[in-house]
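For reference, the structure is listed below as structure tokens.
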Amino acid sequence: MSYEWHDIVGNIGVSFIIGTYILLQLERMDSESYLYSILNALGAFFVIISLTYDFNLSGIIVESFWVGISLVGLIRQWRLRHRPT
């Protein structure tokens with residue numbers, strides 16, 4: 001087995017996803033923060049990049065939903081913070 005650049009990108013993505021979840025559970029990160037959603041979306045996107053080189057349909061499906069849900073969270077947070085008062 002060779003370790004390629006896309007494996008490194010995928011591992012960085014996994015570390016973003018796991019890291020944000022650990023910080024959330026330790027109450028060091030707020031699930032309502034932009035950073036939480038951004039790191040989750042980036043992490044999933046990086047994993048998708050890796051999966052395009054070592055294709056796995058189930059992985060692509062999960063990570064695509066992870067990106068989508070994170071983007072929904074970002075839009076929701078932005079709307080809540082920028083609504084008229």
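This one's a predicted model, so the numbers in the text were calculated from it and none came from an experiment.
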Problem set entry | Closest non-hydrogen atom pair between S50 and G10, with its separation |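 Residues S50 and G10, closest heavy atoms: CB-CA, 3.6 Å.
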
Problem set entry | Closest non-hydrogen atom pair between D30 and Y36, with its separation |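 So the minimum-distance heavy-atom pair works out to O-CB, 3.5 Å.
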
Flag the pair [X] / [Y] as yes when at least one side-chain heavy-atom distance between them is below 4.5 Å, and no otherwise.
{"X": "H6", "Y": "T52", "answer": "no"}
{"X": "M29", "Y": "L39", "answer": "yes"}
{"X": "W5", "Y": "I49", "answer": "yes"}
{"X": "N56", "Y": "E63", "answer": "no"}
{"X": "I8", "Y": "Y3", "answer": "yes"}

For this session: Quickly, which of L24, N40, T20 forms a side chain to side chain contact (heavy atoms under 4.5 Å, CB included) with S31? Name it, please.
Result: L24

Given the rule that I, L, V, M, F, W and Y join up when any side-chain heavy atoms are under 4.5 Å apart, are [X] and [Y] in one cluster?
{"X": "I60", "Y": "V14", "value": "yes"}
{"X": "V72", "Y": "F45", "value": "no"}
{"X": "W78", "Y": "I75", "value": "no"}
{"X": "V62", "Y": "I12", "value": "no"}

Exercise. CD of E27: more than 12 outside heavy atoms within 6.0 angstrom?
Worked result: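 No, not enclosed.
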
Problem set entry | R81, CZ: over 12 other non-hydrogen atoms inside 6.0 angstrom | yes

For this session: For the residue pair F16 and F46, categorise the inter-ring angle as parallel (less than 30°), tilted (30 to 60°) or perpendicular (more than 60°).
Result: tilted

Exercise. Within the distance-only criterion (no hydrogens, no angle test), does the side chain of S37 pair as donor or acceptor with the backbone N or O of Y34 below 3.5 angstrom?
Worked result: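 No; judged by distance alone, with no hydrogens or angles, the pair does not exist.
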
Can you measure from [atom1] ([X]) to [atom2] ([Y]) and round to the nearest 0.5 angstrom?
{"X": "S64", "Y": "I69", "atom1": "OG", "atom2": "CD1", "value": "10.5 Å"}
{"X": "L42", "Y": "I17", "atom1": "CG", "atom2": "CD1", "value": "10.0 Å"}
{"X": "S2", "Y": "D7", "atom1": "OG", "atom2": "CG", "value": "7.0 Å"}
{"X": "E4", "Y": "D54", "atom1": "CD", "atom2": "CG", "value": "8.5 Å"}

For this session: Go through L71 and L74 one step at a time and tell me if the side chain to side chain contact (heavy atoms under 4.5 Å, CB included) criterion holds.
Result: CA-CA 5 Å; L71 293 176; L74 280 168; 4.2 Å; yes

